[in-house]
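Residue numbers start from 1 in every chain, and the chains themselves are labelled A, B, ... in the order their sequence lines are given, proteins ahead of strands.
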There are 2 protein chains.
Amino acid sequence: MTKRVTIADVARQAGLSKGAVSYALNGQPGVSESTRQRVLRLALEMGWHPNSAAKALSGARSGAFGLVLARPASTLGVEPFFMRLISGMETAMASTQTALLLQVVPDHDAEIATYRRWWAERRVDGVFLIDLCVDDKRVPVLEELRLPVMVVGGPGHHGSLAGVWIDDASAMVMVVEYLAALRHRRIARVGGVPGMLHDELRSAAFDSVADRLELEWSTTIPTDYSPERGAQATRRLLSGANPPTAIIYDNDVMAVAGVSVAHEMGVQVPGDLSIMAWDDSVLCEITHPPLTAVSRDITAYGRQLAEHLLALLNGEVVTEVQDNPPRLVVRGSTARPTDHRPAAVTG
Amino acid sequence: MTKRVTIADVARQAGLSKGAVSYALNGQPGVSESTRQRVLRLALEMGWHPNSAAKALSGARSGAFGLVLARPASTLGVEPFFMRLISGMETAMASTQTALLLQVVPDHDAEIATYRRWWAERRVDGVFLIDLCVDDKRVPVLEELRLPVMVVGGPGHHGSLAGVWIDDASAMVMVVEYLAALRHRRIARVGGVPGMLHDELRSAAFDSVADRLELEWSTTIPTDYSPERGAQATRRLLSGANPPTAIIYDNDVMAVAGVSVAHEMGVQVPGDLSIMAWDDSVLCEITHPPLTAVSRDITAYGRQLAEHLLALLNGEVVTEVQDNPPRLVVRGSTARPTDHRPAAVTG
DNA sequence: CTGAAAGCGCTTACAG
DNA sequence: CTGAAAGCGCTTACAG
């Protein structure tokens with residue numbers, strides 16, 4: 001096991017040419033079924049694996065997909081989202097021996113430079129584009145490079161690139177309707193980064209449903225998804241003269257931070273304040289009270305994305321695919337608000 | 001930008017042979033300084049990047065390090081540890097254009113198969129070995145493959161492989177001494193998976209310091225690092241006749257779960273129960289009360305590991321390196337225990 | 001200091 | 001159905 005087995009070794013052992021062995025191994029026509037079986041068995045016995053560099057150089061695929069994360073290292077570890085997404089992707093990629101190349105960079109310019117380098121180096125067969133923004137400058141670059149891309153997000157705003165999206169807007173409607181049904185009339189949202197598409201979509205949906213349901217009051221406070229900013233937003237909301245009775249947080253970590261702030265300020269959850277987290281995770285289950293959350297199957301989403309990128313490489317036409325809609329998981333952090341004032345609005 | 005620039009293009013443009021250009025580009029002797037500068041400038045202008053497959057095939061490095069994570073997808077996202085480690089590694093790797101190949105597998109057998117495949121495919125120049133166990137069966141395989149390896153852990157138990165370790169044993173002594181100084185005499189530990197080296201080291205250190213300090217009582221409950229098991233262990237500990245006054249958790253997520261269980265059971269933190277988390281993270285800061293924790297600079301650790309793996313590839317001798325020791329970050333979850341019984345042990 | 005040539009291990013037309 | 005050969009884009013002895 002100290003020397004690597006090449007296709008020439010297998011060919012010699014089989015008494016065939018390298019070309020014939022290659023055809024047999026790759027399921028190409030031009031070789032009899034019995035020969036193919038014999039070669040396959042022999043390659044397995046001899047412990048042959050294709051040299052990935054040789055394979056890539058001779059025009060085949062590099063056998064890797066790329067994922068660039070342009071978030072600060074500090075934020076990265078916090079949300080379970082990424083690791084879930086990655087492990088979902090790998091589930092689908094494992095069957096085709098495709099590896100995942102991961103790169104962490106500081107910003108979108110460095111991300112674009114990475115795509116250009118990967119393209120020139122022929123490093124990857126395709127990439128996943130994450131954290132899609134409105135007017136995203138990465139999109140035209142990827143279109144120009146003609147690198148196969150699967151966008152994590154949408155709908156729309158990714159030009160001619162393919163993508164898989166989850167319907168956050170409908171989920172937001174569901175969430176607000178749920179809170180309204182509990183008789184909440186003052187609902188706040190601790191949002192994400194304006195300009196990021198999913199944040200814009202959630203904001204727009206939130207505003208429109210608040211309008212339609214004729215809520216007494218509603219507002220969105222933008223954040224950078226960090227627990228610090230989530231806590232700060234919560235303090236600001238709760239110290240107003242007429243605080244909200246429910247807050248929707250754009251991620252799990254900020255929601256947990258929100259619960260802590262409520263505790264600190266002596267605000268009862270869910271008695272005085274209902275709290276909702278957007279992405280469900282184990283964090284939502286272990287806090288006290290456990291958090292009602294919008295749950296998306298991130299692992300399945302990752303799998304979908306990888307499967308569609310593989311399909312794209314196989315020449316299938318993929319444009320915009322919708323993944324399963326989020327579900328509402330009701331736990332202990334949401335309830336009908338305690339009435340401190342005379343009922344006015346509700347009939 | 002639609003056609004990739006090769007070394008032949010650069011050579012033609014420069015009026016040199018491909019060999020000369022290669023020497024110039026790689027800083028090899030055999031080319032004048034002025035020629036080298038001219039070639040370098042030209043390559044940059046033309047947007048040349050080496051085709052990674054060609055480079056790897058002609059005997060050079062593949063330009064990638066591999067990391068296999070053999071943990072279930074469910075556990076993966078939860079601990080911020082991995083993403084921090086990874087982003088630290090990438091910091092060091094970015095300067096040498098080395099990419100990180102990430103693979104998630106179900107168990108150690110699949111992990112070993114991945115190493116064998118990567119070796120045969122010449123996919124990676126080296127790998128990081130994580131979650132080191134006592135009598136780890138991955139170690140002899142990697143020794144046999146002669147693949148450059150940097151072990152994340154130790155000390156010892158990794159044969160002839162190189163590794164970087166953090167002194168968890170001393171940290172455990174520091175932690176227990178701190179709790180003992182607060183007059184805790186009944187200390188429990190919610191540990192990790194027996195057989196994993198760092199768990200064994202922490203357990204041994206815990207037992208020995210408990211012994212030396214003549215604690216009234218001490219115990220370790222093993223878990224799988226999941227919050228469920230952490231919560232379960234906490235319930236068991238707190239419902240005993242004579243519960244501990246302090247619990248040390250082997251990760252942040254279980255510590256947070258422990259706080260929730262205490263809340264549920266009406267146990268005051270830190271009045272009735274002091275809680276300590278092993279790896280500090282933003283989770284420890286956002287809970288109420290914020291958690292006292294053992295803090296390790298995971299990003300720096302990742303950087304160290306990558307730097308040493310690069311050094312190993314450059315022919316430097318690396319055996320066993322010790323990284324900075326952990327620090328104790330005192331927050332609100334630890335305090336002197338409220339005395340419910342007549343003082344007996346302390347003078 | 002420079003150029004021509006072989007070779008890395010595959011794939012893929014092209015003849016037989 | 002099979003074999004001999006060229007080629008992918010680099011690196012690296014080997015001559016000059």
Visitor: Without decimals, in angstroms, what is the distance between A:Arg4 CZ and C:dC10 P?
Guide: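 My rounded result for the distance is 11 Å.
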Visitor: Rounding to an integer number of Å, can you tell me how far B:Lys18 NZ sits from D:dG7 C1'?
Guide: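 Computing the B:Lys18:NZ to D:dG7:C1' distance gives 10 Å.
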Visitor: Output the rounded distance in Å from CZ (A:Arg61) to P (C:dC10).
Guide: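 Taking CZ of A:Arg61 and P of C:dC10, I get 18 Å after rounding.
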Visitor: Does the pair B:Arg4/B:Asp9 count as a salt bridge with the N-to-O cut at 4.0 Å?
Guide: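 No.
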Visitor: When you measure from the side chain of A:Leu57, which nucleotide among D:dG3, D:dT11, D:dG9 comes out closest?
Guide: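 Given the options D:dG3, D:dT11, D:dG9, the side chain of A:Leu57 is closest to D:dG9.
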Visitor: Between D:dG9, C:dT2, D:dT11, which nucleotide has the shortest distance from any of its atoms to the side chain of B:Ala54?
Guide: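 For B:Ala54, the side-chain atoms sit closest to D:dG9.
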Visitor: Measure from CH2 on B:Trp48 to P on D:dT11 and round the result to the nearest Å.
Guide: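 Roughly 6 Å, once rounded to whole Å.
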Visitor: Would you say D:dT2 has OP1 or OP2 under 4.0 Å from some side-chain N or O of A:Ser17?
Guide: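 No, because none of the side-chain N or O atoms of A:Ser17 sits under 4.0 Å from OP1 or OP2 of D:dT2.
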Visitor: Closer than 4.0 Å, any side-chain N/O of A:Thr6 to the OP1 or OP2 of C:dG9?
Guide: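 False: A:Thr6 side-chain N/O out of range (4.0 Å or more) of C:dG9 OP1/OP2.
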Visitor: To the nearest angstrom, how far is A:Asp9 atom CG from C:dC8 atom P?
Guide: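 In whole Å, C:dC8 P and A:Asp9 CG are 11 Å from each other.
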Visitor: Using OP1 and OP2 only, check whether a side-chain N or O of B:Thr35 sits under 4.0 Å from C:dT2.
Guide: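 Answer is yes, contact under 4.0 Å.
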Visitor: Is the shortest side-chain N/O distance from A:Asn51 to OP1 or OP2 of C:dC8 below 4.0 Å?
Guide: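 No, no such contact exists.
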Visitor: Between B:Glu111 and B:Arg71 (salt bridge meaning N to carboxylate O under 4.0 Å), is one present in this structure?
Guide: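 Salt bridge: no.
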Visitor: Measure from the side chain of B:Leu16, starting at C-beta and using heavy atoms only, and say which of D:dC10, C:dT11, C:dG3 lies closest.
Guide: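 The answer is C:dG3.
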Visitor: So, is A:Gln28 close to the C:dT11 phosphate, meaning a side-chain N or O under 4.0 Å from OP1 or OP2?
Guide: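 The answer is no; no side-chain N or O of A:Gln28 sits under 4.0 Å from OP1 or OP2.
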Visitor: Considering all heavy atoms of both residues, which atom of A:Pro50 and which atom of B:Glu121 are nearest to each other, and what is their separation?
Guide: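 Scanning both residues completely, I find the closest heavy atoms to be O-CG, 3.3 Å.
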Visitor: Rounded to whole Å, how long is the line connecting atom CZ of B:Arg122 with atom C1' of C:dC10?
Guide: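 Roughly 12 Å, once rounded to whole Å.
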Visitor: Let me know, please, whether A:Ser22 or B:Glu33 comes out on the 5' side of the other along DNA chain C by nearest nucleotide.
Guide: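 Taking each residue's closest nucleotide, the earlier one in sequence belongs to B:Glu33.
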Visitor: Starting from the 5' end of DNA chain D, give me the residue, B:His49 or B:Tyr23, whose nearest nucleotide shows up first.
Guide: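 Result of the comparison: B:His49.
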Visitor: Taking any heavy-atom pair under 4.0 Å as a contact, classify A:Ser32: base, sugar-phosphate, or nothing.
Guide: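 If one applies the 4.0 Å heavy-atom cut-off, A:Ser32 turns out to touch the sugar-phosphate alone, with no base involved.
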